Amino acid sequence: MVRVATVSIALGMIIMIVSIAIVTGFRTEIESKLIGFGGHLQISNFDSNISYESTPIAKERAFLPQLLALQGVKHIQTYATKGGIIATPTDNQGVYLKGVGSDFDWSFFKENMVEGECPVYSDTATAIDVLISRSLANLLKINRKNRFDNITFI
């Protein structure tokens, strides 16, 4: 009876340790994905604009060199956002577009990209490349060979 109880307690402890390890691993993975898409810190204009599109901030700000000099700050990059609708001949889907500049750090996307390659943007040329998630591509029934001929911005 004592051996059965000891084995039961040991088995219960092993199961709890394994479940905590799994939950901690999932939390760490989800946290790294969220940080990879959005960064640890986002600076935006404080306004009462209730939309997905915020008021732009000037790129040349006095605090940016000081922020970049802080220990642990690896990179600062600018971006713009806009809501939109991507329409295909058979489907359409609402999207939240994020425009990036030539200074964008692609390391997170290179590690997590399922198919294709990261676009190369410059300050002098207009870009036509778009990255979309696999789940959005499946919803719209599109692949790498398709073009977005109809994008409506809202």
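Keep in mind that what you see is a predicted model, and the values were worked out from it rather than measured.
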### Task
Examine Leu139 and Val95 and state if one hydrophobic cluster contains both, with Ile, Leu, Val, Met, Phe, Trp and Tyr joined whenever side-chain heavy atoms are less than 4.5 Å apart.
no
### Heavy-atom pair of closest approach, residues Leu131 and Glu117
CD2-O, 4.0 Å
### Query
What distance do Leu11 atom CG and Ile9 atom CD1 have between them, rounded to the nearest 0.5 Å?
11.0 Å
### Message
What's the separation between atom CD1 in Ile85 and atom CG in Leu97, rounded to the nearest 0.5 Å?
### Response
10.5 Å
### Query
Minimum heavy-atom separation for Met113 to Glu115, with atom names?
CG-O, 3.3 Å
### Task
Measure across Cys118 and Trp106 and return the closest heavy-atom pair with its distance rounded to 0.1 Å.
SG-CE3, 3.8 Å
### Message
Running the 4.5 Å side-chain criterion over Ile, Leu, Val, Met, Phe, Trp and Tyr, what cluster does Ile20 land in, apart from itself?
### Response
none
### Message
Show the nearest heavy-atom pair for residues Leu64 and Ile76, with the distance to one decimal.
### Response
O-CD1, 3.7 Å
#### Entry: Residue pair Gln77 / Val100, side-chain heavy-atom distance below 4.5 Å
no
#### Entry: Distance, nearest 0.5 Å, that separates OG1 of Thr6 from CE of Met1
12.0 Å
### Query
Which heavy-atom pair separates His75 from Phe104 by the least distance, and what is that distance?
NE2-C, 4.4 Å
### Query
Roughly how far, to the nearest 0.5 Å, is OG1 of Thr24 from CZ of Arg27?
6.5 Å
### Message
As a test of understanding, state which of Ile142, Ile86, Leu140 forms a side chain to side chain contact (heavy atoms under 4.5 Å, CB included) with Asp91.
### Response
Leu140
### Summary
For Asn92 and Ala87, the nearest pair of non-hydrogen atoms, with its separation, is CB-CA, 3.9 Å
